[in-house]
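Below: the structure, in structure tokens.
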Amino acid sequence: MNDRGRRYLKLFLSTLEISAFTFGGGYVIIPLMRKTFVSRLKWLEDSEMLDLTAIAQSAPGPIAVNAAILIGYRTGGIIGSLISILGAVLPPLVIISVISAFYQAFRSNMYVSMAMTAMSAGVAAVVIDVVITMVWDILKRKRFLPIAMMAAAFVLVRFFSVSIIAVIIAAGAVGYLGWLFEKRRRK
Amino acid sequence: MIYLELLWSFMQIGLFSIGGGYAAMPLIQHQAIDVHGWLTMQSFADIMTISQMTPGPIAINCATFVGIQVAGIPGAIIATAGCILPSSLIVTILAFIYYRFKGLEAVQSILKGLRPAVVAMIASAGLSLTAMAFCGGDTFTSDINTANVIIFLIALIILRKWRPSPMIVMAGAGIIGLAAGIIL
């Protein structure tokens with residue numbers, strides 16, 4: 001195997017390993033990627049990793065996949081990004097496929113059902129905990145616009161079944177106008 | 001065609017889940033339950049539960065789960081591809097802008113503006129999950145599962161106070177539910 005092939009293989013195995021053993025999504029996975037690609041393999045500078053993180057967080061979609069795409073591209077061009085996407089996506093794809101195969105058969109089992117019912121209370125608590133932290137983050141800044149937007153978006157989505165996508169586009173437009181306004185005022 | 005529907009649905013989920021992590025949750029709920037009826041509220045709660053305990057982004061886990069239920073392994077692959085297609089294009093464009101103009105100030109300001117709305121939607125999806133745990137549907141009714149309310153409150157207090165990994169909380173809830181079911 002030549003140098004390039006070996007590099008692609010290493011890229012694939014590294015993203016595969018990170019994806020397979022990281023529980024907890026984007027914010028946990030980025031430090032691990034930094035450790036692998038900056039400290040261990042030395043393919044990237046620390047400052048570059050910070051840049052890539054900023055871009056990955058600015059784009060829509062899973063942050064972990066976005067970061068993998070950018071690192072793959074940076075270290076191996078288009079082929080590199082395809083390889084790192086494969087490495088990042090394969091573990092959840094395989095694991096959830098296996099679970100799905102058993103899900104149909106096991107879900108009706110009495111004991112599985114008992115555990116899953118109680119765990120649905122657990123997952124609700126996990127999500128509500130995250131929500132409390134995020135809402136508090138916005139409230140404690142005591143600025144009118146974000147708080148009003150949060151309240152309006154909640155009412156529209158929860159009680160009037162307004163399309164989520166429409167609300168996101170509208171909120172993005174408000175954010176952009178707010179930025180233009182700020183910029184003009186600063187001048 | 002079912003494959004095209006899956007692809008298009010998950011492309012929308014990938015394109016509009018902004019801010020990572022739980023941001024995909026309300027969109028998946030909307031697409032898979034409300035629009036297409038691919039999942040029931042219960043199987044949605046189940047996949048969120050499974051997602052907490054397996055590696056990988058929530059959106060990819062859900063794409064695989066929904067895809068496989070609807071159209072087998074090819075469905076899982078197509079839904080996953082749909083999920084990452086928009087972001088791979090946009091991430092490339094953003095990288096270009098970033099290195100060309102040295103900054104993403106406009107993009108980041110839009111994201112900041114979006115944040116409160118995204119939080120509101122995650123809150124709404126979180127309430128649906130809570131209603132599912134308490135009442136077995138996506139709205140609150142008088143038919144309340146008291147055991148689950150107690151598990152929820154204890155889990156929430158533990159999470160707020162000691163900040164353990166969600167996995168531990170999930171496993172704990174499962175074990176308590178199983179033990180209570182066997183004993184009672």
Side-chain angles (χ1 to χ4, degrees), chain A residues 19-23 25-26 55 57-66 69-70 85 89 91-93 95-97 99-100 111 114-131 134-135 138 146 149-150 153-154 157-158 164-165 167-168 171-172 174-176 178-179, chain B residues 14-18 20-21 26-27 30 45-46 48-50 52 54-57 59-61 64-65 68 76 80 84 87-88 90-91 94-95 98 104 107 109-110 113-114 116-117 119-124 126 129-130 132-133 148 151-152 155-156 159 166 169-170 173-174 176-178 181:
Chain A
S19 174
F21 295 107
T22 311
F23 297 82
I55 300 168
Q57 286 171 342
S58 302
I63 292 173
V65 177
N66 292 346
I69 294 169
L70 290 165
I85 289 175
V89 162
L93 194 68
I95 292 167
I96 300 293
S97 296
I99 290 175
S100 294
Y111 298 109
M114 280 172 193
M116 287 302 273
T117 303
M119 278 155 100
S120 74
V123 78
V126 168
V127 174
I128 294 297
D129 169 49
V130 172
V131 167
M134 289 190 302
V135 170
I138 289 167
M149 273 172 69
M150 183 166 70
F154 183 79
V157 170
R158 187 83 196 157
I164 291 180
I165 292 173
V167 174
I168 289 178
V174 173
Y176 183 66
W179 175 70
Chain B
L15 183 60
F16 288 101
S17 53
I18 299 163
L27 284 148
H30 176 69
D46 285 353
M48 291 324 268
T49 303
I50 294 167
Q52 294 290 341
T54 55
I60 304 291
N61 289 346
T64 306
F65 188 81
I68 224 165
T80 302
I84 57 178
S87 38
S88 47
I90 291 174
V91 102
L94 286 184
Y98 188 90
L104 291 169
V107 179
S109 70
I110 294 174
L114 267 173
V119 170
M121 289 172 199
I122 298 173
S124 174
L129 282 177
T130 309
M132 181 67 217
N148 267 9
I151 292 174
F152 171 86
L156 191 58
L159 280 162
V169 175
M170 304 295 302
I176 290 170
L178 200 56

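The chains referred to below are lettered A, B, ... by the order of the sequence lines, with proteins before strands, and numbering in each begins at 1.
For chain A, the nearby parts of B:Val91 are the backbone and the side chain; heavy atoms of each come within less than 4.5 Å. For chain A, the nearby part of B:Tyr98 is the side chain; its heavy atoms alone come within less than 4.5 Å. Interface remark: A:Pro146 contributes backbone and side-chain atoms alike to the contact with chain B (heavy atom separation under 4.5 Å). Both the backbone and the side chain of B:Ala117 come within less than 4.5 Å of a heavy atom in chain A. At a 4.5 Å heavy-atom cutoff, B:Ile176 makes no contact with chain A through either its backbone or its side chain. For A:Ile164, the parts sitting under 4.5 Å from any heavy atom of chain B are the backbone and the side chain alike.
Per-residue counts of heavy-atom pairs under 4.5 Å with chain B were compared for A:Ile95, A:Ile99, A:Val135, A:Ile165; the largest is that of A:Ile165. Each of B:Gly113, B:Pro116, B:Ser17 has some count of heavy-atom pairs under 4.5 Å with chain A, and the biggest count is that of B:Pro116. Across B:Asn148, B:Ile18, B:Leu129, the residue that shares the most heavy-atom pairs under 4.5 angstrom with chain A is B:Asn148. Per-residue heavy-atom pair counts under 4.5 Å with chain B were compared for A:Ala153, A:Gly178, A:Pro92, and the maximum is reached by A:Pro92. Per-residue heavy-atom pair counts under 4.5 Å with chain B were compared for A:Ile85, A:Val130, A:Leu93, A:Ile138, and the maximum is reached by A:Leu93. Residue with the most contacts toward chain A among B:Ala59, B:Ala95, B:Ala155: B:Ala95 (heavy-atom pairs, distance under 4.5 Å). Note on A:Val65, A:Val131, A:Ile96: by heavy-atom pairs under 4.5 Å with chain B, the leading option is A:Ile96. With chain A as partner, the option from B:Asp46, B:Ile110, B:Thr130, B:Leu94 having the largest number of non-hydrogen pairs under 4.5 angstrom is B:Asp46. With chain B as partner, the option from A:Val157, A:Ile128, A:Val174 having the largest number of non-hydrogen pairs under 4.5 angstrom is A:Ile128. Ranked by heavy-atom pairs under 4.5 Å with chain A, the list B:Leu159, B:Ile68, B:Ile151 is led by B:Leu159.
Across every non-hydrogen atom of B:Pro57 and A:Pro62, the tightest pair is CB-CB, 3.6 Å.
Annotation: the span from B:Ile84 atom CD1 to A:Asn66 atom CG amounts to 9.5 Å, rounded to 0.5 Å.
When side chains are defined from C-beta on, B:Ser124 counts as touching A:Phe154, because their heavy atoms get closer than 4.5 Å.
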Could you tabulate the donor-acceptor pairs under 3.5 Å formed by side-chain atoms of residues 119-127 of chain A, not counting sequence neighbours?
from     : atom 1 : to       : atom 2 : distance (Å)
A:Ser120 : OG     : A:Thr117 : O      : 2.6

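Annotation: ring-ring contact (aromatic ring centres under 6.0 Å, His included) contacts of A:Tyr111 (sequence neighbours excluded): none.
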side-chain contact (heavy atoms from CB on, under 4.5 Å) between A:Ser97 and B:Thr64, worked out: CA-CA 7 Å; A:Ser97 296; B:Thr64 306; 3.5 Å; yes
